[in-house]
Enquirer: 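Sharing a structure here in structure tokens format.
What you see is a predicted model; the values in this text were computed from it and never measured.
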Amino acid sequence: MLKEYKSIVNVSGPLMLVEGVEGVKYEELVEIRLEVGSVRSGRVLEVEGDQALVQVFEGTSGIDPRNTRVRFLGRGARMYLSEDILGKVFTGLGRPMTENDRIIAEKSLDINGSPINPFARDYPDEFIQTGISSIDGLNTLVRGQKLPIFSGSGLPHNKMAAQIARQSTVLGKKEEFAVVFVAIGITFEESQYFINDLRATGAINRSVIILNLADDPAIERIATPRVGLTCAEYLAFEKDMHVLVILTDMTNYCEALKEVSAARKEIPGRRGYPGYLYTDLATIYERAGRIKNKKGSITQIPILTMPEDDKTHPIPDLTGYITEGQIILSRSLHKKKLSPPVDVLPSLSRLKDKGIGEGKTREDHADTFNQLYASYARGKEVQELAVILGEAALTEMDKVYFKFAEEFENRYISQGEYENRTIEETLDLGWELLSVFPRGELKRIRDEYLDKYLEKYMEKEEGQK
């Protein structure tokens, strides 16, 4: 029989202090029974002597310290799991969203997980196709990688997230692939968009959706990504699936962390965020990867909105240190009606070289990527020059680069929301765009690939003329 306490001595924000406790542990779950009969839940944030600081998930409004009873449950937050979680929707605390989302559990796991031993990690080196050219062709996603999307308020990162969830697949051998979609602090309309989109396309059958809505308690947001990652670990390392975890929006998670830190009266760090923000984010991001002798893998795409589009803000700044690159969405490209508005020049996938090439994508992938990047960079420089000096000051070759940059943005970067390009289509499109240059300008591509691919597109263009 669990002991009940009626010794709440202080209530502040989402926190309450209970004294006279015995045998209470950090991260232990708490049941709070109010005088009116309703029950709330919480967890232990801190234990000092016979005092326990409890974080209340549903908030502390209406709690009367004299008539509220507290029980410590002797266990941490757990997620109940079986393969039936695929196709289901759960709350931010891992509870079924509706009666139809209930499952018969096979086991339960602590949502805080355990860190992967670095020695047991396997190196990410296999390609994941998202169907989006600006990712597959230029910032390739590799199985086991952490590749965040840096966005801004009002940019279409949610549409891009839904497209990735819908289209992502593992090429080659027939292997089971699943998506864990974790939405943190989003609106009801956004949540319905994600659910309806995945249902309409049938992608929900291989997906697990964890939803924390904007009107849910902010404290719940701290548990939400951990619930999603616990589902991913179960599917990857116990059911041998390749799992893609999409986390949106990590900025809402960090704001919730800031709120709890302020309630605990901790000394703030940069811009009011707690000093342990880096460590806390690492406990989430480092739960991605591959493990030796295990067939499954976890790949992460965290999405975050940069306050005021500031890349030096603590959230994108610290995220960039922990993860292996970033995909940056551009407001200027969005204003040009390009979608997804991926700014490929500052974007980077540090592991792209490990997931491309013969046997993975195609032998010409690395060379065409380098040439496309270099040509687009020069094209953007020429466009800036034309603004200052006028187009009349451009050489004939400058004009070719100017036109190439426009075509590259309109045809390669921009694509339909439901347009799913294979890696072959993306690579072929790259060659088609590069065929406007004389062979001497394509210095980053080996002759053998120029002979094999370029001539084909030049002949095609001549035939069209």
Enquirer: Quick check: are there more than 12 heavy atoms from other residues, nucleotides or ligands sitting under 6.0 Å from OH of Tyr276?
Expert: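 Correct, the count exceeds 12.
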Enquirer: Do any N or O atoms from the side chain of Thr60 and from the backbone of Gly13 form a donor-acceptor pair under 3.5 angstrom?
Expert: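 Checking the backbone N and O of Gly13 against the side chain of Thr60, a donor-acceptor pair under 3.5 Å is found.
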Enquirer: Donor-acceptor pair, Gln371 side chain versus Arg444 backbone, under 3.5 Å?
Expert: yes
Enquirer: Taking atom CD of Gln55 and atom CD of Glu46, what is their separation to the nearest 0.5 Å?
Expert: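 Going from the CD atom of Gln55 to the CD atom of Glu46 covers 12.0 Å.
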Enquirer: Looking at every heavy atom in both Asp310 and Pro316, which two are closest together, and how far apart are they?
Expert: O-CG, 3.6 Å
Enquirer: Closest approach of Ile298 and Ala236, non-hydrogen atoms and distance?
Expert: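 Of all heavy-atom pairs spanning Ile298 and Ala236, the closest is CG1-CB, 3.6 Å.
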Enquirer: Measure the CD1-CD1 distance between Ile164 and Ile132 for me, rounded to the nearest 0.5 Å.
Expert: 4.5 Å
Enquirer: Can we say Lys159 and Asp197 salt-bridge, meaning some charged N sits less than 4.0 Å from an Asp/Glu carboxylate O?
Expert: no
Enquirer: Do the side chains of Glu409 and Lys336 get close enough for a salt bridge, i.e. N-O under 4.0 angstrom?
Expert: yes
Enquirer: Do Glu58 and Ser41 meet the criterion of a side-chain donor-acceptor pair at a distance under 3.5 Å?
Expert: yes
Enquirer: Check whether more than 12 heavy atoms from other residues, nucleotides or ligands sit under 6.0 Å from atom NZ of Lys337, and answer yes or no.
Expert: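 No, the 6.0 Å shell around NZ holds no more than 12 heavy atoms from other groups.
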Enquirer: Quick one: does Met250's side chain get under 4.5 Å of Thr319's, heavy atoms only?
Expert: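 Not in contact.
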Enquirer: Got a second to check how far Leu138's CG is from Ser133's OG, nearest 0.5 Å?
Expert: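 Here the interatomic distance stands at 8.0 Å.
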Enquirer: Under a 3.5 Å distance rule, please check whether Gln145 uses its side chain to pair with a backbone N or O of Thr299 as donor and acceptor.
Expert: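 The answer is no, because no donor-acceptor pair under 3.5 Å joins these two groups.
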Enquirer: Taking the side chain as C-beta and beyond, is there a heavy-atom pair between Pro340 and Pro156 under 4.5 Å?
Expert: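 In short, these two side chains do not touch, never coming nearer than 4.5 Å.
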Enquirer: Compare all side-chain heavy atoms of Met79 with those of Cys231 and state whether any distance is below 4.5 angstrom.
Expert: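 Side-chain contact under 4.5 Å: yes.
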Enquirer: Are the charged groups of Arg362 and Asp428 less than 4.0 angstrom apart, N to O?
Expert: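 Asp428 and Arg362: salt-bridged.
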Enquirer: Please confirm whether His313 and Tyr273 have ring centers closer than 6.0 angstrom.
Expert: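 Centroid distance His313-Tyr273: below 6.0 Å, so yes.
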Enquirer: Report yes or no: does His157 contribute a side-chain atom to a donor-acceptor pair with the main-chain N or O of Phe150 at less than 3.5 Å?
Expert: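 Here the side-chain-to-backbone pair does not exist.
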Enquirer: Between Phe177 and Arg143, is there a cation-pi geometry (under 6.0 Å to ring centre, at most 45° from the normal)?
Expert: no
Enquirer: Do Ile423 and His365 have side chains that get closer than 4.5 Å, going by heavy atoms?
Expert: yes
Enquirer: With Glu27 as reference, evaluate Arg43, Arg75, Arg78 under the salt bridge (Lys or Arg N to Asp or Glu O under 4.0 Å) test and give the passing residue.
Expert: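 The passing option is Arg43.
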Enquirer: Establish, from distance only, whether the side-chain atoms of Asn100 and Thr98 form a donor-acceptor pair under 3.5 Å.
Expert: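 On atom types as modelled, these side chains do not qualify, holding no pair under 3.5 Å.
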Enquirer: Could you check whether any side-chain N or O of Asn139 sits under 3.5 Å from a backbone N or O of Ser134, counting only pairs where one atom can act as donor and the other as acceptor?
Expert: yes
Enquirer: Please step through side chain to side chain contact (heavy atoms under 4.5 Å, CB included) for the pair Arg350 and Leu348, ending with a clear verdict.
Expert: CA-CA 6 Å; Arg350 293 192 183 99; Leu348 169 71; 3.8 Å; yes
Enquirer: Is a side-chain donor or acceptor of Asp398 paired with a backbone partner of Val382 at a separation under 3.5 angstrom?
Expert: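 Judged by distance alone, no pair lies under 3.5 Å.
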Enquirer: How about CD on Glu238, more than 12 heavy atoms from neighbouring residues, nucleotides or ligands closer than 6.0 Å, or not?
Expert: yes
Enquirer: If you compare all heavy atoms of Ala165 against all heavy atoms of Ala203, which two are closest, and at what distance to 0.1 Å?
Expert: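 Closest pair (atom of Ala165, atom of Ala203, distance): O-CB, 4.5 Å.
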Enquirer: Between CE of Met16 and CG of Leu45, what distance do you get to the nearest 0.5 Å?
Expert: 11.0 Å
Enquirer: Donor-acceptor check, side chain of Ser349 to backbone of Leu141, threshold 3.5 angstrom: yes or no?
Expert: no
Enquirer: Using only atom types and a distance under 3.5 Å, with no angle test, would you say the side chain of Asp249 pairs donor to acceptor with the backbone of Thr305?
Expert: yes
Enquirer: Using atom types as modelled and distance alone, determine if a side-chain donor or acceptor of Gln300 lies under 3.5 Å from a backbone N or O of Ile284.
Expert: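 At least one qualifying donor-acceptor pair exists.
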Enquirer: Could you report the tightest heavy-atom contact between Leu93 and Ala223, atom names first, then the distance?
Expert: CD2-CB, 3.8 Å
Enquirer: Which residue, Tyr449, Tyr453, Tyr412, forms the ring-ring contact (aromatic ring centres under 6.0 Å, His included) with Trp431?
Expert: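 Testing each of Tyr449, Tyr453, Tyr412 against Trp431, the sole residue satisfying ring-ring contact (aromatic ring centres under 6.0 Å, His included) is Tyr453.
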Enquirer: Check whether Lys88 reaches the backbone of Met97 with its side chain - one donor and one acceptor, N or O, closer than 3.5 Å.
Expert: no
Enquirer: Just wondering, do Phe90 and Ile85 contact through their side chains at under 4.5 Å, heavy atoms?
Expert: yes
Enquirer: Is there a side-chain contact between Gln167 and Thr130 in this structure, where contact means two heavy atoms from C-beta onward sitting under 4.5 Å apart?
Expert: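 Answer no - side chains too far apart.
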Enquirer: Given Val342 and Ser347, is the side chain to side chain contact (heavy atoms under 4.5 Å, CB included) satisfied, shown in steps?
Expert: CA-CA 8 Å; Val342 176; Ser347 296; 4.1 Å; yes
Enquirer: Applying side chain to side chain donor-acceptor pair (under 3.5 Å) to Arg421 and Thr426, what does each step give before you reach the verdict?
Expert: CA-CA 6 Å; Arg421 294 178 186 164; Thr426 291; 5.3 Å; no
Enquirer: Let me see the working for Asp122 and Lys294 under salt bridge (charged side-chain N to carboxylate O under 4.0 Å, His left out), right down to the final yes or no.
Expert: CA-CA 9 Å; Asp122 213 351; Lys294 295 267 188 184; over 6 Å; no
Enquirer: Just wondering, do Val208 and Leu86 contact through their side chains at under 4.5 Å, heavy atoms?
Expert: yes
Enquirer: From Thr279 OG1 over to Leu318 CG, what is the distance, rounded to the nearest 0.5 angstrom?
Expert: 9.5 Å
Enquirer: If every non-hydrogen atom of Phe402 is compared with every non-hydrogen atom of Ala386, which pair is closest and at what distance?
Expert: CE1-CB, 3.9 Å
Enquirer: Please, which pairs that meet side-chain hydrogen bond (donor to acceptor under 3.5 Å, both in side chains) have at least one residue in residues 216-236, sequence neighbours excluded?
Expert: Glu106-Tyr234, Asn212-Glu220, Asn212-Arg221, Arg226-Tyr253, Arg226-Asp280, Arg226-Thr283, Thr230-Arg287, Glu233-Arg287
Enquirer: Do you know the tightest heavy-atom contact between Lys360 and Gly355?
Expert: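 Closest pair (atom of Lys360, atom of Gly355, distance): CB-O, 3.6 Å.
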Enquirer: Ile135 and Met160: side chain to side chain contact (heavy atoms under 4.5 Å, CB included), yes or no, with the steps?
Expert: CA-CA 11 Å; Ile135 297 178; Met160 192 175 181; 3.7 Å; yes
Enquirer: Could you check whether any side-chain heavy atom of Glu407 comes within less than 4.5 Å of a side-chain heavy atom of Val436, counting everything from C-beta outward?
Expert: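 Result no, sub-4.5 Å side-chain heavy-atom pair not found.
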Enquirer: Are more than 12 heavy atoms, taken from residues, nucleotides or ligands other than Lys399, located less than 6.0 Å from that residue's NZ atom?
Expert: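 For Lys399, atom NZ is crowded (more than 12 foreign heavy atoms under 6.0 Å).
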Enquirer: Do Val260 and Ile219 pass the side chain to side chain contact (heavy atoms under 4.5 Å, CB included) test, and can you show the C-alpha distance, the side-chain angles, and the key distance before you say yes or no?
Expert: CA-CA 7 Å; Val260 173; Ile219 306 307; 3.3 Å; yes
Enquirer: For Tyr321, is the OH atom crowded, meaning more than 12 foreign heavy atoms sit under 6.0 Å from it?
Expert: no
Enquirer: Could you give the distance from CD (Glu176) to NE2 (His242), rounded to the nearest 0.5 Å?
Expert: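 Reported to 0.5 Å precision, the distance equals 9.5 Å.
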Enquirer: Under 4.0 Å between a side-chain nitrogen and a carboxylate oxygen: does that hold for Arg271 and Asp317?
Expert: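 No, this pair does not count.
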